[in-house]
Amino acid sequence: MTDYKTTLNLPKTAFPMKANLAQREPQMLKRWYELDLKAQLDAQGEGRKKFILHDGPPYANGEIHIGHALNKILKDIIIKSKSLSGYYVPYIPGWDCHGLPIEHQVEKKKGKAGQKIDYAQFRQACREYAGKQVKKQMEGFKRLGIIGDWDHPYLTMDFKFEADTVRSLGKIIKNGHLDKGYKPVHWCIDCHSALAEAEVEYEDRTSPAIDVRFYVSDVNDLLKRITTQNGKEGKGKVSLVIWTTTPWTLPANQAVCLNPDVDYALVQTKGVGEHGQELLILAEPMLAGIMARYECEDYEIVSQCKGRDLEGLMLKHPFYEKEVPVVLGDHVTLDTGTGAVHTAPGHGQEDYVVANRYDLEVYNPVGGNGVFLEETELFAGVHVFKANDAVLEVLKSKSTLVHLESINHSYPHCWRHKSPIIFRATPQWFISMTKKDLQKTAMSEIEKVQWIPDWGKNRISAMVSNRPDWCISRQRTWGVPITLFVHKESGELHPRTDELFEKVAKAIEEGGIDAWFDASAEDFINEDATEYEKVSDTVDVWLDSGVSHYAVIEQREELSFPADLYLEGSDQHRGWFQSSLLTSCAINQKAPYKAVLTHGFTMDEKGEKMSKSQKNAVAPQKVMNKSGADILRLWVASTDYTKEQRLSDEILKGVSDIYRRIRNTCKYLLSNLSDFDPAVDLIDKEKMLPLDRWAVAAAYRVQNEVVEAYDNYHFNHLYQKIHNFCSVEMSGFYLDITKDRQYTMQASSLARRSSQTATYHLLNAMTRWLAPILCFTADEIWQLIPGKTSDTVFTGEWYQGLSDLDENSEMNHEFWLNVIEVRDAFKKEMEKVRVSAEGVGSSLDVEADIYCNGQYFQSLEKLDDEFRFLLITSYARIHDKANKSSAAAEYSLSNDNKVWVHVHKANSEKCVRCWHHREDVGQSEAHPEICSRCESNVAGEGESRLYV
RNA sequence: GCCUUGAUAGCAUAAUGGUAAAGCACACGAUCGAUAAUCGUGCGAGGUCUGGUUCAAGUCCAGAUCAAGGUACCA
């Protein structure tokens, strides 16, 4: 028996099924850097339209986590796909390097600035620490396959960036947005410092909860405002009762706040506690509860009014000789207390907001050490937490204490000292939302930006429209200074402020922020230093990154303002999207971006938040080292990233399965091109077999969808499309069918070259579809495509060698749809025969007779004997349904059509070469074991094919 | 607590208000010339829940539950 196997063109390729990505990827990366892929892309970019994706700087602290990976991979998918769409996409990665978390890391090692280590050394240590973090994170990002200008990233601690941050602030000030004010901030007495939001944690604490009388100064004024009921008149003194858990803030009281829409009642009682007969003003809906609390059952409503009726009514302070007004605020609720809120603008955020509206004094009698200032009447020198008792004593003596009890509630604590903190107003710098209509500008710019998904617009609108003035000052060490000189007495800015900003910026450009901190006022303003003071505050880090549109987009030659796209997690509506928008509006009266794309957060398989402590976090490093970056990238592409994504080992396993399918399809395609040289063997489109032209057309249609999905950032659509194309159209149909032609026909026959031509086109197109996502794998395939014209798959554009079918031709898409339907019917029938008939395994063991109506008959009949290759059977005969045999089973097709299929075991001898059962096996004396088709292929001119 | 967003088979996803789709997984089978592959057949959700609008709702509206993000914890 001759071994005909050697006469077959079996698949051959160097492309391994086992991806070994974890080992292979670093080598590929090395190659890209050796080729200087970045430079190649830049060179290609000359003359191209730009697409500016501006990187939001991650904070330079800690290992990269899955959120970083998701964000960078999404950016990279966009960068690579936009480049294939013909854009020049310069990408400059950035890092946010100043601020508190880095200070803390350094404090842990070196101690607090100004104590164990001097400020300049501390800043140097911060700089070094941040530099290390950047390096570490950069390695992680590069490993993910992200292409960008890694040799010239932007760091917010670069001297140039620091100088440009100062310049940005200068522009903002020049445009009139700066305001100075006092604002209550979280203050830790032990730290002797303001705390940022992140440094505050909430714990339960027991506090005294007191109800306090504010006597009405002018009862007649009150009576004018309220509706007297039934001519009743009350007896005794009248007071408005407030409730508070921080008695020590009463010395700073400036007002009592009521809800304008709530009903308040004037209540007659016999007197609460020791007090004699009296009238109390309380929120009516809460009356019963309050009276029960006071253990006062005998009471009567004398009259009522709305909160708004009392606006401006003057009250006597419970222990000071002063009057305070009634003000209104929506923050007053009826869950606790009395419906009347003691308002100390120096000690509370909401009080502060109300105070601004009513022009009340933001009075803070408490020093940084937590002790009442000298001038504080009654309590000078007393520590605030000890002052509670003192206040109670005073209240009692003045008969203004209504009720006292203990309450257990959540209260802010310092995260390091674990001690309770206070709210304390301190001088701060603000960017005003209203002074120069910044809020209005921002709101109208929001309208012009494309928000993806569109609810992002609602989110940021709500936030911008509700936000208070932006407090940009911080009392920190590691940050860009607020480089102002203020008059020691008047507090006015230096008249040459604008000019000085540039002078300072120049110095910082040379020597970094230390050029400010180490300098004295004289260094910049000479003799004016006697009158002007150098501000020592730093700027909120959100301002650093927020001005990257100025410090990066406007400064780098390859970029242009505004950016086409900002892409960050949805938490950045509060953060970077907003700080960028506000600073850009303040500087340019314009949003810094044309579009903003947001992604959600990554959860574990149960949809729970990933956290290091819960151990459900999937580390990107681990995935890269185990499965490869391409698997992680494919996972990113598979999710609907606009909402929360899930990630777990099981999900990664699923992604790996899809990866293997795609990889194997590409491997098979490659393996059929081992003897193909496109320069010589490529077949003209017109000469290609119809089935091959269909395959190219199918790819053409998929490519349109793929490009559209990239354009719309719907990566999960193309994940499905590409996978579907690989398994359904290619593996399950086209490749299965053409296998016979590939293997058995003469190597250089037209029909085989035709199929190889289709394969060549498919690979060229598909590697590019994959390149933005599976960048390593796509490029690995690219290296093995015969006749490739560029070093990597990343340069150039989408493959242009595909084309659709002519819908007017006989074998148009509808024709092939019919073929597929008939083929599906056959497969079902085949399955039945396989089970029932002896010796039927492969579909080549059977013959098929297909009966169909006129329309189908006419179109399928043309295929004649080649129909068997479509069904992969030994014989396939098309008949008109008029002749249908009773053995044929009926199958329904679309459009109410039907087809009848009869499958039966093939009786002829099996050709040992092509495995078809043919009557002509044995006819040849030279080759008795094979069919005549094979004989022709082995020893003759070779068979010819017309269609399949 | 408040605001925003979301919820489709075991899994990750799809569907201009019009018969809920393809894949993975799973089960069984074939093949052993894509073999750490490949092919076939089968199996599966009536849409988180409760109402409403409509000839028609996964899709629009209201409420609830759960989750995520933001914000607040306040007198």
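Naming: A, B, ... by sequence-line order, numbering from 1 per chain. Small disclaimer: the values here were computed from a predicted structure and weren't measured.
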- prompt: What's the CG-C1' distance between A:D845 and B:C39, to the nearest Å?
  reply: 14 Å
task: Could you classify B:G46 for me, syn or anti, using a glycosidic angle within 90° of 0 as syn?
output: syn
message: Counting the atoms with a prime plus P, OP1 and OP2 as sugar-phosphate, which does A:S638 contact under 4.0 Å by heavy atoms, base, sugar-phosphate, or nothing?
response: sugar-phosphate
message: Regarding A:P412, tell me which of base, sugar-phosphate or nothing describes its non-hydrogen contacts under 4.0 Å with the strands shown.
response: sugar-phosphate
- prompt: Under 4.0 angstrom, heavy atoms only, what part of the nucleic acid is A:W915 near: base, sugar-phosphate, or nothing?
  reply: base
- prompt: Do the side chains of A:N259 and A:L328 get nearer than 4.5 Å, heavy atoms only?
  reply: no
- request: Have a look at A:N724 and say if it touches a base, only the backbone sugar-phosphate, or nothing, with a 4.0 Å heavy-atom cut-off.
  value: sugar-phosphate
- prompt: Contact class for A:T336 (heavy atom, under 4.0 Å): base, sugar-phosphate, or nothing?
  reply: base
message: When you measure from the side-chain N and O atoms of A:R660 to the phosphate of B:A37, is any distance below 4.0 Å, counting only OP1 and OP2?
response: yes
- prompt: On a whole-Å scale, what distance lies between the C1' atoms belonging to B:C2 and B:C60?
  reply: 26 Å
query: Under 4.0 angstrom, heavy atoms only, what part of the nucleic acid is A:H573 near: base, sugar-phosphate, or nothing?
result: nothing
message: I'd like to know if A:T665 reaches the base of B:A34 with its side chain such that a donor and an acceptor end up less than 3.5 angstrom apart.
response: no
message: Taking 4.0 Å as the cut-off, does a side-chain nitrogen or oxygen of A:R574 come that near to OP1 or OP2 on B:U71?
response: yes
message: Measuring to OP1 and OP2 of B:C73, would you say a side-chain N or O of A:R205 lies under 4.0 angstrom away?
response: no
- prompt: Under 4.0 Å between a side-chain N/O of A:N672 and OP1 or OP2 of B:A34, yes or no?
  reply: no
message: What is the separation between atom NZ on A:K457 and atom P on B:C3, rounded to the nearest whole Å?
response: 21 Å
- request: Indicate, with a heavy-atom threshold strictly under 4.0 Å, whether A:K739 touches base, sugar-phosphate, or nothing.
  value: base
message: So A:T343, base contact, sugar-phosphate only, or nothing? Heavy-atom distance under 4.0 Å.
response: nothing
- prompt: How would you label the contact of A:R823 with the nucleic acid (heavy atoms, under 4.0 Å): base, sugar-phosphate, or nothing?
  reply: nothing
message: At 4.0 Å (heavy atoms only), tell me whether A:G569 reaches a base, stays on the sugar-phosphate, or touches nothing.
response: nothing
message: For the residue pair A:H317 / A:N253, report whether a side-chain donor-acceptor contact shorter than 3.5 Å exists.
response: no
- prompt: Can you find a side chain N or O atom of A:K667 that sits less than 4.0 Å from OP1 or OP2 on B:A34?
  reply: no
Protein-nucleotide distance (A:W542, atom CH2; B:G70, atom P), rounded to Å: 10 Å
